[in-house]
**Student:** 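Mind looking over this structure? Questions follow.
So you know, we letter chains A, B, ... as the sequences are listed, proteins then strands, and number each from 1.
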Number of protein chains: 2
Amino acid sequence: MRLKKISGAVVRRLPIYLRVLDELARDGAKELVSSQELGERAGVSPALVRKDLAWFGEFGKQGVGYDVEHLRTELRRILHLDRDVPVALVGVGSLGAALVRYFRRRYVADPGFHLNIVVLFDADPAKQGETIEGVPVEPPERIPERVKELGIRMAIVTVPAEAAQSVVDTLVASGVRLLFNFAPVKLAVPKDVHIVHADLSLELQRLAYYLED
Amino acid sequence: MRLKKISGAVVRRLPIYLRVLDELARDGAKELVSSQELGERAGVSPALVRKDLAWFGEFGKQGVGYDVEHLRTELRRILHLDRDVPVALVGVGSLGAALVRYFRRRYVADPGFHLNIVVLFDADPAKQGETIEGVPVEPPERIPERVKELGIRMAIVTVPAEAAQSVVDTLVASGVRLLFNFAPVKLAVPKDVHIVHADLSLELQRLAYYLED
DNA sequence: TAGATTGTTAATCGATTAACAATC
DNA sequence: TAGATTGTTAATCGATTAACAATC
């Protein structure tokens, strides 16, 4: 039940807070954390930490701080990371394959990481039937069928730029609503579909701006 | 000569404009582009396009628009993408190797893409001496020496989280000022060092927020 | 109780949009 | 010239910070 629309800037910080809480829980030194310390570790001001969390409820105790375990549980719930989320990846080139390894290993090693790549798609027949980290590669024609079977609502797109829009259309038509796109193109999607762009070339180019002359 | 400090939000949009101009130049249909069309293709309002560009000079003609080739040249210059920029990559795991392939192929295929990965470093002796896309892998001990020899001011960091801070310290001490970091940690660096974080797990986790309940 | 820290409101800051005179 | 579009200023919007009463 979300009363107000939470801004993207706030949502972007939630996983950072969660990561800090995971570290605090792992080190186990303290059961409580203040907005001061949480902010310091997350790279955010204490006031903003309190304001961000207050959108979702009253998780702290005045004069005391936040209970690490409790806040962790709440943040996991808010982020829907309290249960497994099946994810598809389309485009098993070197970047796609690297991401499968990266996320699958994380999933296996970390019981708190509920994002699970369960199926891969690639148009290259030579790759179909292969597995990467135990996950099978299937032909793109099977996207609608498999997405429905597996209840997939999130997908990673690592196909070449020319193929991206058509792959995304198929994914969206099949019911996928959350996309993590690595193709260097602007994608057209319905308003209820969320896209995060990881445009690595743009990021590297933007760094070049800061080269001193 | 930069009179005002340009905000990060503006800098982030410059490579997007450049990409749109590259597309327009490739298609070759028009020599002129309006802030209206440039904005539409870049996903930005026309007013913001004009305001962003105006920070750097007067590139347009009233009543006419912007000359595609001229604006392209100017943006390349502003972004320091008018000449080759040598880049190092540290951490040749599957993600690092995938990025080398991705960026090297782009560099070879696209004469306008001046970001060139010229040296790789990895602590694994089994990888040292290997090459990826023709680029040699060397031991991290050689970072200071090679960075100086090659005049490197930009590096991509794809080492495990535990190793990231120490690698970054070495890079910075060797003269690197621009970092593209894929390790899921906050890094401490001097004020004159610029970091772009590509924290892929955080991005995927933030998408999960939008899973409907 | 006294000290600490939250949750929240008001003030500030910065970025985007609207509007329009200048001018091609 | 008339129409179009820039460059720029003022208005608006949204996000962050400062401040503090509430309260543990």
**Student:** Given that A/Val64 and A/Arg13 both sit by DNA chain D, which one's nearest nucleotide is further toward the 5' end?
**Tutor:** A/Arg13
**Student:** Is there side-chain contact between B/Leu204 and A/Met154, with heavy atoms separated by less than 4.5 Å?
**Tutor:**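 Touching, per the 4.5 Å side-chain cut-off.
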**Student:** Any side-chain heavy-atom pair from A/Phe121 and A/Val137 closer than 4.5 angstrom?
**Tutor:** no
**Student:** Can you find a heavy atom in the side chain of A/Lys30 that is under 4.5 Å from one in the side chain of A/Glu37?
**Tutor:**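 Touching, per the 4.5 Å side-chain cut-off.
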**Student:** Where along residues 23-52 of chain A does a heavy atom fall under 4.0 Å from DNA chain C?
**Tutor:**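 Under 4.0 Å from DNA chain C: A/Ser34, A/Ser35, A/Arg50, A/Lys51.
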**Student:** Find the bend of the helix from C/dG3-D/dC24 to C/dC24-D/dG3 as the angle between its two terminal axes (five pairs each), to the nearest 10°.
**Tutor:**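 Angle reported: 10°, given to the nearest ten degrees.
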**Student:** Go through the side-chain N and O atoms of B/Ser35 and B/Arg50 and say whether any donor and acceptor fall under 3.5 Å apart.
**Tutor:**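 Yes - a donor-acceptor pair under 3.5 Å links their side chains.
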**Student:** Around atom NZ of B/Lys61, are there more than 12 heavy atoms from other residues, nucleotides or ligands closer than 6.0 Å?
**Tutor:**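 At most 12 heavy atoms, drawn from other residues, nucleotides or ligands, come within 6.0 Å of this atom.
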**Student:** Under 4.0 Å from any heavy atom of chain A: name the first and the last nucleotide of DNA chain C that qualifies, 5' to 3'.
**Tutor:** C/dA4 to C/dT9
**Student:** Check whether more than 12 heavy atoms from other residues, nucleotides or ligands sit under 6.0 Å from atom NZ of B/Lys148, and answer yes or no.
**Tutor:** yes
**Student:** Should the ring pair A/His194 and B/Tyr210 be called parallel, tilted or perpendicular, given that the plane angle runs from 0 to 90° and is split at 30 and 60?
**Tutor:**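 If you compare the ring of A/His194 with that of B/Tyr210, the planes turn out parallel.
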**Student:** Look at the aromatic rings of A/His80 and B/Tyr209 and report parallel, tilted or perpendicular, splitting at 30° and 60°.
**Tutor:**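 Taking B/Tyr209 first and then A/His80, their aromatic rings sit tilted (interplane angle of 30° to 60°).
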**Student:** Considering only heavy atoms from C-beta outward, does the side chain of A/Leu75 approach that of A/Leu21 to under 4.5 Å?
**Tutor:** yes
**Student:** Quick test of your reading of the model: are A/Asp82 and A/Arg77 salt-bridged, counting only N-O distances below 4.0 Å?
**Tutor:** no
